[in-house]
Amino acid sequence: MTIESSPYVLEAKAVGRDYQQGDSLLPVLRDTNVAVKAGEKLAVVGVSGSGKTTLLNLLGGLDDPTAGTVSVCGADWQGLGVSQRAKWRNQHVGFVYQFHHLLGEFSALENVALPCLIGGASVAEAQQRAEELLCKVGLGDRLKHKPAELSGGERQRVAIARALVTSPSVVLMDEPTGNLDPGTAGVILDLLLTLNQTLNISFVVVTHDPAIAARMDRQVNLIDGQLVELETGVV
């Protein structure tokens with residue numbers, strides 16, 4: 001595995017992504033560039049169907065670009081084998097989705113500890129780290145509760161803790177408050193901003209919510225398959 005020196009934790013250069021649609025190609029992204037520094041918060045906005053989720057999948061190494069390169073912490077995803085990619089993702093990338101995707105048969109503690117176990121940590125170490133994160137997100141008294149026993153906001157807090165438990169370099173979020181009521185969404189946003197400040201983990205947040213976008217360090221709009229930088233506070 002080749003690691004290049006880079007000032008960015010996440011970088012996409014001239015990225016394109018086409019999908020086969022019948023006998024023709026459907027271009028979703030073209031010549032897209034983005035770079036994120038350590039601890040930086042980036043909002044990605046755009047109309048539905050503009051390719052925001054496709055972009056997140058490429059940034060997280062879940063899909064490969066048709067053109068260009070995507071690297072995390074100096075490693076090009078396409079230069080990594082399947083096992084190397086999975087290990088690098090486990091170490092450096094966290095994911096938070098609109099729906100929490102927790103395992104229903106596991107407790108909050110077990111759900112959060114799972115990435116650490118996958119990364120090779122002992123059960124004791126994984127559970128200790130999971131408990132620390134759950135306490136940080138205000139769920140120290142819900143460690144043994146299963147998802148069905150938690151509110152929507154609590155489940156999303158568990159998902160956030162799970163994304164942060166391996167101390168990744170960057171967390172990719174796809175509408176992290178989109179399934180919550182406005183009051184709970186505000187609480188989750190405040191929590192995310194606090195964690196960003198205390199842990200210095202970069203955030204890339206896809207959102208339709210102007211309130212979320214306005215509180216990020218930078219905003220980019222995905223228009224016609226390309227990212228356009230927006231002025232702070234403008235969506």
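Only this structure's heavy atoms are used, side chains among them; waters, hydrogens and symmetry mates stay out. Start at 1 with the first residue, then count along the sequence.
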### Message
To check you understand the geometry: which heavy-atom pair defines the closest contact between E40 and A35, and what is its length?
### Response
OE1-O, 4.0 Å
Ignoring hydrogens and angles, write down the donor-acceptor pairs under 3.5 Å from the side chains of residues 200-207, residues two or more places apart or on other chains.
| unit_1 | atom_1 | unit_2 | atom_2 | d |
| --- | --- | --- | --- | --- |
| S202 | OG | K37 | O | 2.6 |
| S202 | OG | G39 | N | 2.9 |
| T207 | OG1 | D209 | N | 2.8 |

#### Entry: In one Ile/Leu/Val/Met/Phe/Trp/Tyr side-chain cluster, 4.5 Å: Y8, L55
no
### Message
As a quick check of understanding, evaluate side-chain contact (heavy atoms from CB on, under 4.5 Å) for V158 and V112, giving each step before the final call.
### Response
CA-CA 7 Å; V158 174; V112 176; 3.7 Å; yes
### Task
Give the cluster check for L102 versus F106: same hydrophobic cluster or not, with ILVMFWY residues linked at side-chain heavy-atom distances below 4.5 Å.
no
## Note on the structure
Here the pair of heavy atoms bringing G94 nearest to P168 is N-CB, 3.8 Å
### Query
What pairs of residues pass the side-chain hydrogen bond (donor to acceptor under 3.5 Å, both in side chains) test when at least one of them lies in residues 137-147, not counting sequence neighbours?
R142-E154
### Query
D190 versus R215: any side-chain heavy-atom pair under 4.5 Å?
yes
### Task
Quick one: closest heavy-atom pair of A113 and A130, and the distance?
N-CB, 3.7 Å
### Query
If you group Ile, Leu, Val, Met, Phe, Trp and Tyr by side-chain heavy-atom gaps below 4.5 Å, do L139 and L114 land in one group?
no
### Query
Rounded to the nearest 0.5 Å, what separation is found between the CZ atom of R218 and the CD atom of E229?
4.5 Å
### Query
Sub-3.5 Å donor-acceptor pair from the side chain of R155 to the main-chain atoms of L150, do we have one?
yes
### Task
State which residues pass ring-ring contact (aromatic ring centres under 6.0 Å, His included) with H101; sequence neighbours excluded, sorted by chain then number.
Y97
### Task
Determine which pairs satisfy side-chain hydrogen bond (donor to acceptor under 3.5 Å, both in side chains) with at least one residue from residues 22-34, sequence neighbours left out, and list them in order.
R30-Q226
### Query
What do the steps show when you test T69 against V15 for side-chain contact (heavy atoms from CB on, under 4.5 Å), and what is the final call?
CA-CA 6 Å; T69 61; V15 165; 6.0 Å; no
### Query
If you measure from CD on Q20 to OG1 on T66, what distance do you get to the nearest 0.5 Å?
10.5 Å
### Query
Just wondering, do P176 and Q156 contact through their side chains at under 4.5 Å, heavy atoms?
yes
#### Entry: Contact check, side chains of L172 and V93, non-hydrogen atoms, under 4.5 Å
yes
### Message
I'd like to know whether L42 forms a side-chain contact (heavy atoms from CB on, under 4.5 Å) with L10, so could you lay out the CA-CA distance, the side-chain angles of the two residues, the decisive distance to 0.1 Å, and finally the verdict.
### Response
CA-CA 11 Å; L42 176 70; L10 178 63; over 6 Å; no
#### Entry: Heavy-atom side-chain proximity of L25 to Y19 below 4.5 angstrom
no
### Query
Should D18 and V28 count as side-chain neighbours, where that means a heavy-atom distance under 4.5 Å?
no
### Summary
Rounding to 0.5 Å, atoms OG1 (T53) and CG (D63) come to a distance of 12.0 Å
### Task
Enumerate the residue pairs fulfilling side-chain hydrogen bond (donor to acceptor under 3.5 Å, both in side chains) with a member in residues 106-120, sequence neighbours excluded, ordered by first and then second residue.
S107-E110
### Query
Side chain of W88, backbone of L80: donor and acceptor closer than 3.5 Å?
no
### Message
Any side-chain to backbone donor/acceptor pair from R157 onto L134? Under 3.5 Å, distance only.
### Response
no
### Query
Do you know which two heavy atoms are closest between C135 and G140, and how far apart they sit?
SG-CA, 3.8 Å
#### Entry: Shared hydrophobic cluster for L199 and L192 (ILVMFWY, side-chain gaps under 4.5 Å)
yes
### Task
Taking all non-hydrogen atoms of both residues into account, name the closest pair between L189 and A211 and its distance.
CD2-O, 4.1 Å
#### Entry: Electrostatic pair D76:K13 at N-O distance under 4.0 angstrom
no
### Message
Between R89 and G60 (side chain of the first, backbone of the second, donor and acceptor by atom type, cut-off under 3.5 Å), is there such a pair?
### Response
yes
#### Entry: Side-chain touch V171/V96, heavy atoms, less than 4.5 angstrom
yes
### Query
Are side-chain heavy atoms of K41 and Q219 found at a separation under 4.5 Å?
no
### Message
Show me the pairs that pass side-chain hydrogen bond (donor to acceptor under 3.5 Å, both in side chains) and involve residues 160-169, at least two apart or across chains.
### Response
H92-S169, R129-S167
### Task
Carefully, step by step, assess L117 and Q127 under the rule side-chain contact (heavy atoms from CB on, under 4.5 Å).
CA-CA 9 Å; L117 294 172; Q127 290 185 343; over 6 Å; no
### Task
Could you tell me whether the side chain of M173 reaches within less than 4.5 Å of the side chain of F95, counting heavy atoms only?
no
